Each structure stands twice: as structure tokens, then as C-alpha cells.
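In what follows, every heavy atom counts, from backbone to side chain, and hydrogens, waters and symmetry copies are set aside. Reminder, nothing fancy here: chain letters follow the sequence lines and each chain counts from 1. Note that the structure is predicted; figures quoted are calculated from it, not measured.
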Amino acid sequence: MRRVSRLKAMTSPATTDDTRPTVPGSGPRAAPATATAAARADLVFTPEPMLVHERVIDWFEVHARDLPWRAPECSPWGVMVSEVMLQQTPVVRVLPRWRDWMQRWPRPVDLAQAPTAEVLTAWDRLGYPRRALRLQAAAQAMVERHSGEVPDTAEALRELPGVGEYTAAAVACFAFNQPEVVVDTNIRRVHARAFTGDALPGKTYTSAQRKLAVELMPATAPDGGATACAWNASAMELGALICTARAPQCEICPVADLCAWRAAGSPAPTEEQQTRGQGWAGTDRQVRGAIMAVLRTGDAVERDELLEALPLPEASAEQRARCLDSLIGDGLAAQTETRVSLPGA
DNA sequence: AAAGCGGGGTC
DNA sequence: GACCCAGCTTT
């Protein structure tokens, strides 16, 4: 692994020098004693990964949120449901839906057999309802191909509908204690700041970022993967609670004194690192969401009345029709004769 | 690599 | 009003 990276020159005096530990080897690698002061100021060093692991894992053990899918008694299925619900949806909104879901469908086979209309209604307004369809399809695949159990390897998980690189690794790690490389938006940001020195990781997950994530994984030999899983969970939690996208709380960050981004003077995000939102008003996603909101309220409705009643004055008749047809094509809605409903309702 | 896909909280 | 959130799938 590259041990020292030459980054942008510091734009302001480091404010954390006084707080850096004096224990030998516990701070960012110091510049060689022979370097001049000018040369030293021009260098920013990446932190020692093992020290960051220890600090962040220790922090996690004290400050981690008490989330139900982290409980020791939570089933692999509970972990998997949480991971799918958490795809692009904040924890606080997932919590109540997850509790209801697990109460209602405590095993994969229970969801596999449920009417799709009920599944979509229970999904409520978590967003991206295709996730609910795929989760049910995944449950059906588990019944058919895995004896109704959640697969215990990332490779097998990856074959399930709606399970991508992140979710496969996360379920394998958090449900089965396997040392997979878990990389979500929080972890990408923590890596970008602490190790790369960037304000934000950027929109796309690059091969360089994946390589860094692999290199940062703790060795698995000593404990069979326990530290690796702890690192995954801890880095994610740090990104969610402290190293946030908007206003990171560096004052209480356990690795503030080791952070490459801080050492570089906390530069603002570059143009390249800006994410740019997708837009919402006027999009098909908004119209589709409005249609789904009506369908979730109950029985079949006349197609024309449904489309007319949408609370979106800006949406043209063409857009409304196109969106309903796309929902039907996605399996999120069904039409018999002129009446529309959730599928199977 | 980029676009499409939901919805709500926050600054 | 723009940004952000434990991403996945398709083009």
C-alpha cells in the first residue's frame, strides 16, 4: 500500500496540531526529521489505517445507535430487509416500516406468499417501490433455491433480485460475520476525507475508491473477520453521525487529528465532487409517486378518474398516461378493463 | 459512465 | 430551492 501521499499544500495552518497525541507513531506520519519546515508544510500524510480502525471501532462501541437490525437476536432476514429498505432511504424513516414488516413477514417464506398489493401497501412511502417488488422476488428465490433461508455468502446474495454489490456485502458481513468489503455512501465519504483528503467522494464509485476500500480492510487472520466487520459498521456509523456530508462534526470526531482532509485545511468540494440533485417537480418520478399514493389507499379505481384526480396541475394528460403505463409495465400497478389497482388487489 | 427511479427532512 | 439519504438496474 502506498504509505505516504503527496497532497495539495495546506492552505491554512493546521488547527489540530496541539491536540495531536504525542505517543510515538500514533499521529499522522511525521515528515522526516531532515525535512525543512517549508517542505514539511507542503506534505500531508495519510493516516495509519490500523490506528484509525482502533479509534473508530472504539468510538462505535460507545456511540453506535441502538438500531433493531443490529441486535444480536435479529435474524439474517431482518438484516436483509433493513439493507434493502435503507437503499437511498434514511434510517429514521425506515425504522417504523421495518418493525411492521418484520412483525408481519418474519421469514422469507412469509413474504414470498404475501399478496403483492399488501407488500406495496406496507412499503408505504419509503420510495422506490420497485425495491419492495424485488425484495419479494428475492424472498421467493430464497424459498425456491435456498430452502427459505437467506444465503450466507456475498456471491449467492448477489444473485438475488435487488441485491447489488453493497447489499450483498452488507448482509454477508452484518448477518453472517463475513469479512466482505462494505462500501456505502457514508464509508466512501469517510475514506475520501480521512485517507484521500477530499471533501467529498464524488458521484460515481471509482475503481480507485474500491481499491482503497480493499486496502483499508483489517487483516482477517487474527480473529476470523470480527475486526473487519466491526470496521465496516464503525466507518459507516461515523459517516452517518459525525463525518456527515453537510456539516461534519469534526470537533467530536475520534480521528480528526488523523484526517487527511483536515490536514489539508478542509478544502471545499471541487466542481467534480459536487453531486447535483436529480430534480423532482415535474418529473415522471413525481407523477408515478402520486399515482402509487392513490393506489395504496385502497380499491380499484377508474383509470380516467385516477389520472384526472392527481394533485399535480402541471402534469399533462400524456405524462399521466405514460406514467401509469410505466407503472403497469413495472408490475407496480395492474389494469383490468378500465379499472386500475395495485397488482393482485 | 450516465440516466431513471421516491419521498421527505434539512439548510 | 438545492442537497442528501446503508443503491440497483438498464442503457
Check your understanding: If you measure from the P atom in B:dG9 to the same atom in C:dC8, how many Å do you get, rounded?
Key ->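 After rounding to an integer number of Å, I get 24 Å for this pair.
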Exercise for review: Could you give the distance separating B:dG4 and C:dA6 at their P atoms, to the nearest angstrom?
Suggested key: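 It works out to 24 Å between them.
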If I take atom [atom1] from residue [X] and atom [atom2] from residue [Y], how far apart are they, to the nearest 0.5 angstrom?
X: A:Gln335; Y: A:Arg303; atom1: CD; atom2: CZ; value: 5.0 Å
X: A:Leu332; Y: A:Leu133; atom1: CG; atom2: CG; value: 4.5 Å
X: A:Leu111; Y: A:Gln136; atom1: CG; atom2: CD; value: 5.0 Å

For [X], report the nucleic acid contact type (base, sugar-phosphate, nothing); a contact means any heavy atom under 4.0 Å.
X: A:Thr283; value: nothing
X: A:Val182; value: nothing
X: A:Thr89; value: base
X: A:Gln278; value: base
X: A:Trp123; value: nothing
X: A:Arg189; value: sugar-phosphate
X: A:Leu126; value: base
X: A:Ala245; value: sugar-phosphate

Integer-rounded Å distance: [N] [atom2] and [X] [atom1]:
X: A:Arg131; N: C:dT10; atom1: CZ; atom2: P; answer: 16 Å
X: A:Met236; N: C:dC5; atom1: CE; atom2: P; answer: 13 Å
X: A:Tyr128; N: C:dT10; atom1: OH; atom2: C1'; answer: 14 Å
X: A:Arg288; N: B:dG7; atom1: CZ; atom2: P; answer: 9 Å
X: A:Arg158; N: C:dT9; atom1: CZ; atom2: C1'; answer: 10 Å
X: A:Leu86; N: C:dA6; atom1: CG; atom2: P; answer: 7 Å
X: A:Gln87; N: B:dG8; atom1: CD; atom2: P; answer: 19 Å
X: A:Arg97; N: C:dC5; atom1: CZ; atom2: C1'; answer: 18 Å

Given [options], the nucleotide with the shortest approach to the side chain of [X]:
X: A:Thr204; options: B:dA2, B:dG6, C:dA6; answer: B:dA2
X: A:Asn186; options: C:dC8, C:dA6, B:dG8; answer: C:dA6
X: A:Arg130; options: C:dG7, C:dA6, B:dG4; answer: B:dG4
X: A:Arg285; options: B:dG6, C:dC8, C:dC5; answer: B:dG6

Review point. Does a side-chain N-to-carboxylate-O contact under 4.0 Å join A:Arg210 and A:Glu215?
Key: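 No.
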**Study point:** Electrostatic pair A:Arg104-A:Asp110, nearest N-O below 4.0 angstrom
**Key:**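 A:Asp110 and A:Arg104: not salt-bridged.
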Practice item. Look at A:Gln88 and C:dG7 and indicate whether a side-chain polar atom (N or O) is within less than 4.0 Å of OP1 or OP2. Key: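 Yes, such a contact exists.
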Review point. Is the shortest side-chain N/O distance from A:Arg296 to OP1 or OP2 of B:dG7 below 4.0 Å?
Key: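 Affirmative; the distance criterion is met.
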**Study point:** First of A:Ala240 and A:Pro161 reached from the 5' end of DNA chain C, by closest nucleotide
**Key:**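 Counting from the 5' end, the first nearest nucleotide belongs to A:Ala240.
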Exercise for review: Find out whether A:Trp77 and A:Val171 are in side-chain contact, i.e. whether some heavy atom of one side chain is under 4.5 Å from a heavy atom of the other.
Suggested key: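 No, every pair of side-chain atoms sits at 4.5 Å or beyond.
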Exercise for review: Test for a donor-acceptor pair under 3.5 Å between the base of B:dG7 and the side chain of A:Arg125, counting only N and O atoms.
Suggested key: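 Between B:dG7 and A:Arg125, which were checked side chain against base, a qualifying N/O pair under 3.5 Å is absent.
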Practice item. Kindly say whether, by distance alone, the side chain of A:Arg93 makes a donor-acceptor pair under 3.5 Å with the base of B:dG9? Key: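 Check fails, no donor-acceptor contact within cut-off.
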Practice item. Could you pick out which residue, A:Arg246 or A:Leu332, lies toward the 5' side of DNA chain B when each is mapped onto its nearest nucleotide? Key: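 Looking at DNA chain B, the more 5' nearest nucleotide goes with A:Leu332.
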**Study point:** Modelled atom types, side-chain donor and acceptor of A:Tyr166 and A:Gln87, under 3.5 Å
**Key:**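 Side-chain D/A pair, A:Tyr166 to A:Gln87: absent.
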